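Being a predicted model, the structure only gives us computed values, none of them experimental.
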Amino acid sequence: QVQLVESGGGLVQAGGSLRLSCAASGRTFSSSAMGWFRQAPGKGREFVATTSWGGGSTFYADLRNSVKGRFSISRDNAKNTVYLQMNSLKPEDTAVYYCAAARGSHGSTREGDYDYWGQGTQVTVSS
């Protein structure tokens, strides 16, 4: 069993920054790839970013509202925590953000590859 607890969400003005954290407990965190997903109001959940078990490999969504160059995923295995640094935030980034632990050690963009999910943290970006 794995527990994931996100924090760091909130209300921010467009152009601002937030850093989300996801603290993990239970299964060996350092052997699992981790990911961040988000779900905007009235929309399905979508992939945002993923990192491999050691943090050496990362991948970001190529969305219409691309997060590349604005968001950065990282992890600290000593603290069992994964982070999502979000800069230059836009109103379109407003969503509930979820972290997830993958079954494997390599990052993935697919929800089906993740077997544990956090409860989510709300990010609201005002214009």
Side-chain angles (χ1 to χ4, degrees):
Q1 191 74 7
V2 174
Q3 294 79 42
L4 301 173
V5 179
E6 301 100 333
S7 61
L11 174 64
V12 63
Q13 288 188 334
S17 298
L18 284 174
R19 188 176 81 155
L20 306 183
S21 299
C22 174
S25 61
R27 187 176 74 191
T28 303
F29 171 81
S30 60
S31 63
S32 298
M34 298 294 293
W36 285 96
F37 292 76
R38 68 185 181 185
Q39 186 167 19
K43 297 185 178 180
R45 190 157 56 186
E46 63 183 10
F47 165 77
V48 175
T50 185
T51 178
S52 60
W53 66 275
S57 176
T58 59
F59 185 78
Y60 299 89
D62 186 13
L63 304 170
R64 180 176 302 178
N65 174 28
S66 180
V67 303
K68 285 183 178 179
R70 300 191 297 121
F71 290 11
S72 177
I73 187 172
S74 62
R75 65 190 296 164
D76 186 339
N77 286 347
K79 295 182 178 180
N80 282 4
T81 302
V82 63
Y83 305 96
L84 186 68
Q85 177 67 44
M86 305 186 295
N87 299 326
S88 302
L89 282 161
K90 305 176 181 180
E92 306 91 286
D93 295 318
T94 295
V96 177
Y97 284 72
Y98 299 89
C99 74
R103 284 186 292 277
S105 59
H106 299 289
S108 174
T109 64
R110 299 179 299 186
E111 286 191 44
D113 288 337
Y114 294 83
D115 52 2
Y116 292 101
W117 294 81
Q119 81 289 350
T121 186
Q122 177 70 47
V123 171
T124 302
V125 184
S126 63
S127 57

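Of all heavy-atom pairs between Tyr98 and Arg45, the closest is CD1-CD, 3.7 Å. When every heavy atom of Tyr114 is checked against every heavy atom of Ala102, the shortest pair comes out as CD2-N, 3.5 Å. Nearest heavy atom pair, residue Arg75 against residue Ser30, reads NH2-CA, 4.0 Å. The two atoms that bring Val125 and Lys90 nearest to each other are CB-O, 3.2 Å, heavy atoms only. The shortest heavy-atom contact between Gln85 and Ser17 is NE2-CB, 4.0 Å. Across Thr50 and Ser108, no two heavy atoms sit closer than the pair OG1-N, 3.2 Å.
Asp62 places no side-chain N or O within 3.5 Å of a backbone atom of Lys68 that could act as its donor or acceptor partner. With Glu6 contributing its side chain and Gln119 its backbone, the two residues share a donor-acceptor pair below 3.5 Å.
Using a 4.5 Å cut-off between side-chain heavy atoms of Ile, Leu, Val, Met, Phe, Trp and Tyr, with links allowed through other members, Val82 and Val48 fall into the same hydrophobic cluster. Under the 4.5 Å side-chain heavy-atom criterion for ILVMFWY residues, a single connected hydrophobic cluster contains both Trp117 and Val96. Side-chain heavy atoms closer than 4.5 Å link hydrophobic residues (I, L, V, M, F, W, Y) into clusters, and following such links, even through other members, never connects Tyr83 to Phe47. Under the 4.5 Å side-chain heavy-atom criterion for grouping Ile, Leu, Val, Met, Phe, Trp and Tyr, Val67 is not connected to Phe37 through any hydrophobic cluster.
Taking the side chain as every heavy atom from C-beta outward, Arg38 and Leu20 never approach each other to under 4.5 Å. Contact of the Gln122 side chain with the Thr94 side chain is registered, since non-hydrogen atoms from C-beta on lie closer than 4.5 Å. Contact annotation: the side chain of Met86 approaches that of Val123 to within less than 4.5 Å [non-hydrogen atoms, C-beta and beyond]. At least one side-chain heavy atom of Ser72 sits under 4.5 Å from a side-chain heavy atom of Tyr60.
Here the straight-line distance linking atom CG of Leu89 with atom CD of Gln13 works out to 11.5 Å at 0.5 Å rounding. The OG1 atom of Thr124 sits 11.0 Å away from atom CG of Asp93, with the distance rounded to the nearest 0.5 Å. In this structure, OH in Tyr116 is found 13.5 Å from SG in Cys99, a value given to the nearest 0.5 Å. In this structure, Asp76 CG and Ser21 OG are separated by 10.5 Å, a value rounded to the nearest 0.5 Å. To the nearest 0.5 Å, the span separating CZ on Phe29 from SG on Cys22 amounts to 7.0 Å. Note that OG of Ser74 is 11.5 Å distant from CE of Met34, once rounded to the nearest 0.5 Å.
Between Phe71 and Trp36, the ring centre distance reaches or exceeds 6.0 Å.
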